[in-house]
Amino acid sequence: MIDISDVSLTLGGSVILDQISLTLPKGGVTALVGPNGAGKSSLLSLIARLRPLQTGRITVDGHPIDTTPTRQLAKVMAILRQDPGVASRLRVAELVGFGRFPHSGGRLTAEDRRIVAETLERFDLTGLASRFIDTLSGGQRQRALVAMTFCQGTGTVLLDEPLNNLDMFHARELMRMLRKIADEHGKTVLVVLHDINHAAAHADRIVAMKDGRIAAAGDTASIIRPDLLEMVFGFPMQVETIAGRLTVLHHA
Amino acid sequence: MAEAAVLSGAASPARRLTLTAAVALLACAAYMTIGLRGDLALGLELRGLRLGAMICVGVAVAVSTVVFQTLTANRIVTPSIMGLDALYIFCQTALVFALTGLGFAGIDPRLQFFGNFFVMTGLALALFLPLLGRRLDLGLLLLTGVVLGLLFRSLSVLLARLFDPNDFAVLQGAVFASFSRTRPDLLLIAWLITAAGTVVAWRMRHVLDVVALGEEAAVGLGVSWRSVVAGLLALVAALVAAATALVGPMAFLGLLVASITDRVAGTGRHAVLLPAAALVAVVVLVGGQTVLQHGLGGEGTLAIVVEFIGGIIFLVMLFAGVRR
Amino acid sequence: MTMATAVRLKFGPSAAALGALLALAAVSLFVGVSELSPGALFSDPQALGLMMASRVPRTLAALLAGGALAIAGLVMQALARNRFVEPSTAGTTQSAALGVLLVTVLWPEAPLGWKAAVAVVTALAGTSVFLALAHRLPPTQPFLVPLFGIVYGGVVGAVATFAAWQLDLLQYLETWTTGEFSGVLRGRYELLWIAGALVALAWWTADRLTILSLGRDVGIGLGLNYAAVLRLGLVIVSAIAALTVVVVGIIPFVGLVAPNLISRFAGENLRHTLPWVAGTGAALVLSCDIIGRLIRFPYEIPVGIVLGVVGAALFLGLLFAGRGDG
């Protein structure tokens with residue numbers, strides 16, 4: 001469970017986040033959407049303690065993120081930023097293994113090794129385990145990074161625009177993977193998405209942000225409505241049910 | 001840099017040049033007269049010789065830097081940063097090494113200079129034509145040049161040590177000039193080369209204007225790119241050789257001069273750029289030497305001070321270029 | 001299991017490499033101006049004395065300095081997140097030399113340990129400035145960082161040269177700027193054992209340093225105390241660089257060449273590659289020292305000059321060899 005109350009962020013005199021209060025229940029996939037500059041990534045960075053909290057209070061599963069030791073938090077939540085620009089020549093298995101760092105401090109136990117092997121299998125990376133990550137394609141790399149994040153074994157997983165640089169196939173694969181993580185392992189997934197249709201297809205809940213505030217939050221079906229979407233994104237779009245799925249027609 | 005501020009208005013190029021020339025003349029006059037005492041004739045002669053060397057070096061460095069920057073379409077690359085003066089010193093050491101080994105130690109230094117000059121130009125063409133032709137990323141090009149410079153410098157020191165492990169310092173003194181120990185025997189030759197090179201660059205000023213537009217535009221306007229680039233590179237090598245032979249390597253003098261010239265000239269036209277750079281170089285060298293000699297530091301430190309200020313300018317340009 | 005088999009460098013190559021390093025050390029023990037044969041060690045007490053007072057310390061110093069400098073380069077690369085930097089191309093060694101100069105002026109009779117301490121402090125300051133500025137360069141242009149570092153080192157060096165010129169200490173400055181082992185005797189190199197201890201410390205914290213090289217966001221996400229590890233790395237780099245400058249002088253490029261060679265074959269998981277990098281650096285410096293002793297026998301060419309040539313050539317090779325497989 002993520003509990004955010006009265007969080008504001010000011011950078012260089014301009015208000016990025018304005019008194020955000022939000023509670024996300026345990027479990028399920030929550031999509032964070034909104035136009036550029038709405039403050040989605042800033043909010044995610046604050047939750048993940050990548051940025052110091054200025055005002056307000058955030059707790060993840062009851063741990064206040066500003067006072068809990070960082071190593072402790074790393075066992076509670078994992079974060080994947082958009083394009084972390086990992087340039088090291090590490091093998092895929094080594095990179096995924098570093099996901100166990102919060103638990104083992106780097107010296108992998110037999111239990112850690114088992115979890116790493118399982119994770120590689122789950123993310124279809126076993127065949128690539130001994131490849132250097134700088135020799136992988138963009139999609140494989142992203143998969144390896146998500147696997148490392150998953151391998152951290154935390155109840156909460158935060159992802160910042162993980163679909164960037166992925167083609168349609170890999171984007172869909174990744175979203176299904178997140179769905180599976182939430183369904184089979186009961187994890188709480190919070191993901192920043194640009195494509196509203198990915199949110200509509202895979203998320204249980206949607207939080208829409210605009211101008212540093214929460215514009216709307218609720219079940220996917222209650223947010224994917226033409227009037228709400230127009231209010232958030234600033235232009236009219238059509239919502240249809242195609243083959244039983246809510247689909248937003250915003251391209252034309 | 002005071003003149004840069006004065007000239008930052010919209011003065012015409014001619015007025016800017018005249019003003020810079022006046023400042024340069026003032027610097028020369030100050031250098032010749034301040035603190036002169038004792039035997040006037042001897043003092044004037046000594047100072048005159050060194051003034052001549054400084055002006056020659058200034059003009060050679062200024063013209064070679066302007067031409068090289070035009071060639072590489074960039075304001076941060078200079079011949080010395082790309083390791084050309086280190087290459088000259090390496091060739092010179094290697095030549096002394098080889099000649100002495102073959103028993104020609106006493107050969108006329110002027111003849112040596114010419115031999116060295118041809119070897120260096122050949123090597124410069126062989127190294128830099130492919131490098132410039134590969135359209136490297138600017139950072140890699142600069143880094144390659146800097147590391148090449150380090151390589152040549154280490155090679156020169158290594159050769160000098162091999163050549164005479166006991167007295168390598170003496171050899172270094174004889175082979176490597178510096179501002180405190182210019183080479184009067186090479187002054188005439190250096191002047192001739194600098195004058196000839198400057199005349200060639202001046203006559204090519206309109207071609208240079210076209211080259212500055214880049215390869216595609218220049219070829220479109222009828223420039224035979226490869227031969228012009230090779231010719232200009234040889235010209236740069238000649239000027240660098242002349243300057244380095246007189247006073248030794250000055251890694252950042254070219255950059256210092258070029259960045260001041262950018263502000264002073266206020267145009268990209270080589271008809272203005274070339275003389276402006278030459279005048280700025282004279283102001284920097286002669287003015288700097290006058291100040292150091294009678295104020296801070298003492299006369300031997302000009303090269304170090306230029307290195308320091310030029311290095312800082314390079315770093316500022318690096319970061320400014322990134323931000324743009 | 002896949003992990004273990006995929007990652008571990010096999011025992012065979014490590015044994016062979018260690019053997020080669022020991023053989024090199026043995027060669028070093030018997031190469032020098034005074035002739036010394038293995039047999040004489042048992043019959044001639046003077047030969048044994050020479051061995052213990054000069055050859056053994058010299059060989060140990062070269063191994064320690066080489067290994068430590070290679071690790072300093074490795075850590076520097078993790079700190080700057082750029083594979084083309086090392087202490088001598090980041091202003092660290094130049095700042096250390098400036099520090100030694102400062103002590104020599106202010107407190108001429110200071111013992112070596114105090115000189116080293118001051119050099120560590122100035123090296124820390126110089127490297128902090130480098131890192132703070134280097135992190136502002138765009139990661140998309142990796143060549144700008146070493147370029148900035150080399151010129152920054154040159155500027156710091158110009159300050160040192162200017163000061164030395166003013167104080168008539170240029171001769172002294174030369175001894176710190178050109179790395180040389182010929183003056184290494186028993187009692188004059190032992191500070192380098194501290195550099196050796198720092199290598200062990202780096203190995204102890206290898207996982208943290210590897211995570212550091214993955215960047216701030218990944219590091220914090222994994223629960224790394226990012227700022228603390230950054231400081232630790234800074235101390236390791238500065239202390240190793242300063243200690244080698246004080247004891248033997250600047251030995252360039254080791255920290256650049258050794259890690260890059262190893263990363264090509266074995267990657268950059270420091271827990272596994274760190275001993276290899278240290279061994280490569282030790283072998284590189286020791287062989288260059290042996291070359292320096294032999295190339296103009298009976299005179300000696302300082303190792304700093306030999307490595308200036310060998311290292312710069314290898315650096316150029318690395319710059320362009322990396323472009324094919326990008």
Side-chain angles (χ1 to χ4, degrees), chain B residues 76 81 83 86 90 131 134 136-166 168-169 180 251-252 255 292 296-298 300-301 303-319 321-323, chain C residues 84 88-89 133 136-138 140-166 170-171 174 178 252-253 256 291-292 295-302 304-320 322-323:
Chain B
I76 195 166
I81 291 174
F90 166 64
L131 211 54
R134 279 178 72 175
L136 293 178
D137 157 83
L138 176 64
L140 180 58
L141 180 73
L142 281 169
L143 185 60
T144 307
V146 169
V147 178
L148 272 176
L150 292 177
L151 177 64
F152 291 136
R153 218 159 295 150
S154 307
L155 270 173
S156 312
V157 179
L158 180 66
L159 275 182
R161 289 265 189 166
L162 288 178
F163 176 68
D164 191 347
N166 272 335
F168 79 97
S180 47
F252 290 112
L255 189 76
L292 286 177
L296 258 170
T301 49
I304 306 172
V305 172
V306 166
E307 210 69 354
F308 178 73
I309 298 176
I312 287 179
I313 287 184
F314 179 84
L315 295 182
V316 168
M317 286 176 80
L318 204 64
F319 278 91
V322 164
R323 212 147 296 143
Chain C
F84 294 121
S88 80
T89 65
L133 291 170
R136 292 169 66 176
L137 290 168
T140 45
Q141 288 174 282
F143 302 112
L144 289 186
V145 176
L147 184 64
F148 159 61
I150 291 175
V151 176
Y152 169 68
V155 170
V156 176
V159 174
T161 314
F162 185 81
W165 179 285
Q166 292 295 309
L170 266 186
Q171 290 279 320
E174 180 100 339
T178 310
F253 295 120
L256 207 136
I291 292 173
I295 192 172
R296 187 70 170 89
F297 196 83
Y299 297 99
E300 292 205 2
I301 309 290
I305 293 172
V306 179
L307 253 168
V309 174
V310 175
L314 285 172
F315 188 4
L316 283 175
L318 286 169
L319 274 182
F320 284 89
R323 297 188 65 69

Inset, instruction - Could you look at B:Phe314 and say if it's the side chain, the backbone, both or neither that has a heavy atom under 4.5 Å from chain C? - result: side chain
Legend entry - C:Leu319 CG to B:Leu143 CG distance, which is reported to the nearest 0.5 Å: 5.0 Å
Enumerate donor-acceptor pairs with a distance under 3.5 Å from any side-chain N or O in residues 146-155 of chain B to protein atoms, sequence neighbours excluded.
{"unit_1": "B:Ser154", "atom_1": "OG", "unit_2": "B:Leu150", "atom_2": "O", "d": "2.9"}

Inset, instruction - Select, from C:Pro142, C:Pro252, C:Pro302, the one with the greatest count of heavy-atom pairs under 4.5 Å involving chain B. - result: C:Pro302
Validation: residues 148-164 of chain C side-chain donor-acceptor distances under 3.5 Å, sequence neighbours left out:
{"unit_1": "C:Tyr152", "atom_1": "OH", "unit_2": "C:Gly126", "atom_2": "O", "d": "2.7"}
{"unit_1": "C:Thr161", "atom_1": "OG1", "unit_2": "C:Gly157", "atom_2": "O", "d": "2.7"}

Inset, instruction - Tell me, out of C:Phe84, C:Phe253, C:Phe315, who's got the most heavy-atom pairs with chain B below 4.5 Å. - result: C:Phe315
Legend entry - Which residues share a side chain to side chain donor-acceptor pair (under 3.5 Å) with C:Ser88, sequence neighbours left out: C:Glu86
Legend entry - Value rounded to 0.5 Å, distance of CD1 in C:Ile295 from CG in B:Leu162: 5.0 Å
Legend entry - Residues of residues 304-311 of chain C within contact distance of chain B, non-hydrogen under 4.5 Å: C:Ile305, C:Gly308, C:Val309
Legend entry - Separation between CG of B:Leu141 and CZ of C:Phe143, rounded to the nearest 0.5 Å: 11.0 Å
